[in-house]
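Here's the structure, in structure tokens; my notes come after.
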Amino acid sequence: MSTRTDTSSNAVVASSFEVDLRRYLRGLGGLLVFLLIWWVGAMSTQPSYLVPSPLESVHAFIDLFATSTAIVVPVLESSLVLPTGLAHLVQTLFHYVPGLLLGALCGISLGLAMGWNGALDDWFRPLVRVLRPIPPLAWVVFAIVWFGIHHTGAAFIVFVGAFWINFYGAYGGVEGVSSDLTDAASTLGVEREFSMLKLVVLPSAAPQVLTGFRTSIGRCWMIVVGAELFGAPGVGYEIINASNNLVMATSVAYMFVISLAFLCMDVGFRLVERRVLAWR
């Protein structure tokens, strides 16, 4: 009996390994096709500096970490010397992280409140419909006037983007809670509104809330680069500065920096998400 069970288990593991290997090989194949198209496009473009080749971009990426740059730490006003590529990434994180976290906190809080409280939803829904279509980058002029071209202004732009993504994630999560769950909880004695929200609504809405936050991690990288194009220090500013000087390989190298930063954050959050939602 145990021999059959072990054989069956080994077969399942082997089958899972084959499926994973096949997926990774497909992903590698897609990456190689992309690099081939990129290389052909670079070789076919004149003048050649307009589209740097993959190899030139890799060299430029390595060069970013061959020199050092001093940056100023906000609030502390102290100097920090880091490899150039990492230094500009840290500058971006100085406004990316506060904007993302504060926007997510406010967006999730308001989304949960409006999704759960019908009266509050009635009050704020018209305002939401008026403000939601406005792109985060449309607030750049106000950010410059209110906060100046620095970390605070860029953080405000990121805040706006993170707020709406997380707001709708939380709002949709609460709206999607099945009435059968709340009815069953009421039958079992959960009568207080706060208890219902804590024990039933939040766990049920958690997957969509976390999906909204994960989405905002990637979208806010796009937003923060756009905000930095207007002069705030960081990776986005370096991209536009390098392109203005026609050093396109350096621009691509900074794009690599953004991609790696996002991948690290996304993988880390997925691990947290799996642990939080282990009950599913």
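Since the model is a prediction, treat every value here as computed from it, not as a measurement.
Here the closest heavy-atom approach between residue V174 and residue A205 is recorded as N-CB, 3.8 Å. Nearest approach of Q46 to L50, heavy atoms of both residues: O-CD1, 4.1 Å. Contact between L100 and V158 at its shortest, heavy atoms only, is N-CG1, 3.6 Å. Heavy atoms only, all atoms of each residue included: G161 and P136 are closest at CA-CG, 3.7 Å. For the pair I71 and F94, the tightest heavy-atom approach, listed with the atom from each and the gap, is CD1-CE1, 4.2 Å. The two atoms that bring A162 and A104 nearest to each other are CB-N, 4.1 Å, heavy atoms only.
A heavy-atom distance below 4.5 Å is not found between the side chains of H151 and P98. Contact check for W39 versus L55: no side-chain heavy atoms found under the 4.5 Å cut-off. Side-chain atoms of Y171 and D121, non-hydrogen and from C-beta on, do get closer than 4.5 Å to each other. Two residues are said to be in side-chain contact when any heavy atoms from C-beta on lie closer than 4.5 Å; Y237 and T92 fail this criterion. Inter-residue side-chain proximity for V51 and W38 is flagged as met; some heavy-atom pair is nearer than 4.5 Å. Residues F159 and C106 have side chains in contact (heavy-atom distance under 4.5 Å, counting atoms from C-beta outward). Looking only at side-chain heavy atoms (C-beta outward), Q208 and Y168 stay at 4.5 Å or farther from each other. Between L131 and F124 there is no side-chain heavy-atom pair separated by less than 4.5 Å.
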**Message:** Apply side chain to side chain contact (heavy atoms under 4.5 Å, CB included) to residues F65 and T84 and explain how you reach the verdict.
**Reply:** CA-CA 6 Å; F65 297 89; T84 301; over 6 Å; no
**Request:** Apply the test side chain to side chain contact (heavy atoms under 4.5 Å, CB included) to residues V224 and I157: give CA-CA distance (whole Å), side-chain angles for both, the deciding distance (0.1 Å), then the verdict.
**Result:** CA-CA 7 Å; V224 75; I157 302 302; over 6 Å; no
**Message:** side chain to side chain contact (heavy atoms under 4.5 Å, CB included), that's the test. Do L64 and T250 meet it? Break it down for me.
**Reply:** CA-CA 8 Å; L64 291 182; T250 301; 4.3 Å; yes
**Message:** For a side chain to side chain donor-acceptor pair (under 3.5 Å) check, start with the C-alpha distance between H59 and E56, then their side-chain angles and the critical distance, and finish with the verdict.
**Reply:** CA-CA 5 Å; H59 287 160; E56 291 172 334; over 6 Å; no
**Item:** side chain to side chain contact (heavy atoms under 4.5 Å, CB included) between L260 and F61, intermediate numbers included
**Value:** CA-CA 12 Å; L260 289 174; F61 178 82; 3.6 Å; yes
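Residues V257 and I62 do not share a hydrophobic cluster, defined by chaining ILVMFWY side chains whose heavy atoms lie under 4.5 Å apart. V97 and M222 fall into different hydrophobic clusters, where Ile, Leu, Val, Met, Phe, Trp and Tyr side chains are chained together by heavy-atom contacts under 4.5 Å. In the hydrophobic clustering of this structure, L93 groups with Y254; members are Ile, Leu, Val, Met, Phe, Trp, Tyr whose side-chain heavy atoms approach within less than 4.5 Å, directly or through other members. By the criterion of side-chain heavy atoms lying less than 4.5 angstrom apart, applied directly or through intervening Ile, Leu, Val, Met, Phe, Trp or Tyr residues, L127 is grouped together with L120 in one hydrophobic cluster. Both I134 and F147 are members of a single hydrophobic cluster when ILVMFWY side chains are connected at heavy-atom separations under 4.5 Å.
Classified by interplanar angle (parallel below 30°, tilted 30° to 60°, perpendicular above 60°), the ring pair F156/W146 is perpendicular.
Rounded to the nearest 0.5 Å, atoms CH2 (W221) and CG (D266) are 12.5 Å apart. Annotation: the span from L101 atom CG to L105 atom CG amounts to 8.5 Å, rounded to 0.5 Å. In this structure, CZ in F163 is found 12.0 Å from CD1 in I165, a value given to the nearest 0.5 Å. Interatomic distance, CZ of R214 versus CZ of R270, reported as 4.5 Å (0.5 Å rounding). To the nearest 0.5 Å, the span separating CD1 on I217 from CE on M265 amounts to 5.0 Å. Atom CG in L202 sits 10.5 Å away from atom CD1 in I108 (nearest 0.5 Å).
Listed for the W164 side chain is no donor-acceptor partner under 3.5 Å among the backbone atoms of P133. The closest donor-acceptor contact from the side chain of N117 to the backbone of A119 lies under 3.5 Å. Proximity of a side-chain donor or acceptor of E228 to a complementary backbone N or O of V235 within less than 3.5 Å is detected. Judged by distance alone, with hydrogens and angles left aside, the side-chain atoms of N244 form a donor-acceptor pair with the main-chain N or O of I240 at under 3.5 Å. Checked by atom type and distance alone, the side chain of S251 pairs as donor or acceptor with a backbone atom of I239 at under 3.5 Å. The backbone N or O of L246 sits nowhere less than 3.5 Å from a side-chain atom of S243 that would complete a donor-acceptor pair.
Counted within 6.0 Å of CH2 on W139, heavy atoms from surrounding residues, nucleotides or ligands total 12 or fewer; the atom is thus considered open. Other residues, nucleotides and ligands contribute only 12 or fewer heavy atoms inside 6.0 Å of the CZ atom of F142.
By the side chain to side chain contact (heavy atoms under 4.5 Å, CB included) test, V40 is found to be paired with L36, S44, residues two or more places apart in sequence or in another chain being considered.
Among residue pairs with one or both ends in residues 130-151, none qualify as salt bridge (charged side-chain N to carboxylate O under 4.0 Å, His left out); sequence neighbours excluded.
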